[in-house]
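A short worksheet on the structure shown next.
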Amino acid sequence: MDYYSKQISKLIEEFSGLPGIGAKSAQRLAFHILNMPTEQVEALSNAILEAKRNVKYCKCCFTLTDEDVCPICKDSTRNQKVIMVVENTRDLAAYEKTGKFEGVYHVLHGAISPMLGIGPNDIKLKELMIRLEADVDEVIIATNSSLEGETTAMYISKLIKPTGIKVTRIASGVPVGGDLEYIDEVTLLRALEGRTQL
Ligand code: ZN
């Protein structure tokens, strides 16, 4: 890193802190940016800052949005009585891409992981239970099929059972440990259609 001036090194260092960016990619990105026209660099850094400043959790489903209530929760044509529980906004987007799910979502922002010290209170679970005090027909648990995802699904189903609300789990056509966002739409649809009651 000493081959470069302080400010270039700093830029490289910032990039290498990002997920999936190794030392080589960080250098490539830094030099790419230095070669970009100033106004383009400004547009990029403004987009980052604006998103960071304005994106917040939807008051209802906790997905990331720049409005108080996200467009999906606001949409009166969607079935507000069917709630699909996902781990993060990327998983929500994966299901939205199929265009076939007509219910709404609840984003947990994580999964229970005793190994990483993430407990039920560290994800948006209380918030889900509060939503279930309204009239809800079905909760579809679409957490990943990783150990954490399965642990979370079991925990949620036990929590909801006493309320009498129908709880289902997406079919395990989804590869084990697979992040939902990387799975193709056909597989996701099959997993949704083949869901079983817990
Ligand atoms: Zn929402």
Side-chain angles (χ1 to χ4, degrees), residues 19 47-113 118-146 148-171 174 178-185 187-193 195 197-198:
I48 294 172
L49 273 175
E50 291 289 299
K52 184 61 196 166
R53 281 190 190 128
N54 299 320
V55 172
K56 52 195 165 191
Y57 291 148
C58 166
K59 275 186 179 157
C60 187
C61 73
F62 293 89
T63 193
L64 294 168
T65 176
D66 37 23
E67 297 165 70
D68 280 345
V69 175
C70 78
I72 297 171
C73 289
K74 258 191 219 159
D75 188 344
S76 58
T77 66
R78 300 188 70 130
N79 186 352
Q80 305 282 335
K81 293 182 178 182
V82 175
I83 300 177
M84 189 194 291
V85 178
V86 292
E87 289 184 23
N88 55 52
T89 296
R90 297 189 310 273
D91 291 347
L92 178 156
Y95 273 103
E96 273 306 281
K97 242 168 66 189
T98 69
K100 291 276 161 56
F101 179 62
E102 283 157 5
V104 291
Y105 298 90
H106 187 86
V107 183
L108 293 172
H109 291 284
I112 297 170
S113 170
I118 301 168
N121 290 331
D122 300 316
I123 58 176
K124 302 281 177 208
L125 204 50
K126 269 196 314 275
E127 292 81 352
L128 173 66
M129 296 314 288
I130 292 168
R131 281 182 82 183
L132 299 187
E133 286 167 14
D135 190 14
V136 173
D137 290 336
E138 182 182 355
V139 174
I140 303 168
I141 306 178
T143 50
N144 288 343
S145 53
S146 61
E148 292 80 14
E150 292 297 346
T151 307
T152 309
M154 291 290 286
Y155 190 90
I156 296 177
S157 80
K158 272 192 197 143
L159 216 56
I160 298 177
K161 275 274 173 65
T163 67
I165 297 169
K166 184 179 172 190
V167 188
T168 55
R169 174 86 171 113
I170 55 164
V174 178
D179 267 6
L180 283 181
E181 57 174 320
Y182 296 121
I183 294 161
D184 68 89
E185 286 153 45
T187 310
L188 272 186
L189 272 183
R190 219 178 279 148
L192 181 60
E193 277 158 10
R195 65 187 184 272
Q197 193 155 355
L198 291 175

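When a ligand or atom number is given, it counts from 1 through the structure's own listing order. Being a predicted model, the structure only gives us computed values, none of them experimental.
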**Asked** Is there side-chain contact between Lys97 and Leu188, with heavy atoms separated by less than 4.5 Å?
**Response**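 A side-chain contact under 4.5 Å is absent here.
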**Message:** In the structure I gave you, are the side-chain heavy atoms of Val136 and Lys166 within less than 4.5 Å of one another anywhere?
**Reply:**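 When only atoms from C-beta onward are counted, Lys166 and Val136 do not touch, as no gap falls below 4.5 Å.
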**Message:** Tell me every residue that passes salt bridge (Lys or Arg N to Asp or Glu O under 4.0 Å) with Lys158, counting only those two or more places apart in sequence or in another chain.
**Reply:**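 If we apply the salt bridge (Lys or Arg N to Asp or Glu O under 4.0 Å) test to Lys158, skipping adjacent residues, there are no hits.
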**Message:** Restricting to salt bridge (Lys or Arg N to Asp or Glu O under 4.0 Å), what partner residues turn up for Arg78, sequence neighbours left out?
**Reply:**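 Glu96.
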**Message:** Keeping to distances under 2.8 Å, can you name the protein N/O/S atoms close to the Zn ion (ligand 1)?
**Reply:**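 N, O, S partners closer than 2.8 Å: Cys58 SG, Cys61 SG, Cys70 SG, Cys73 SG.
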**Request:** Considering only NZ, NE, NH1 and NH2 on the basic side and carboxylate oxygens on the acidic side, decide whether Lys81 and Asp135 come within less than 4.0 Å.
**Result:**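 So Lys81 pairs with Asp135 through a salt bridge.
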**Partner set under side-chain hydrogen bond (donor to acceptor under 3.5 Å, both in side chains) for Lys74, not counting sequence neighbours** =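 Only Glu67 meet the side-chain hydrogen bond (donor to acceptor under 3.5 Å, both in side chains) criterion with Lys74.
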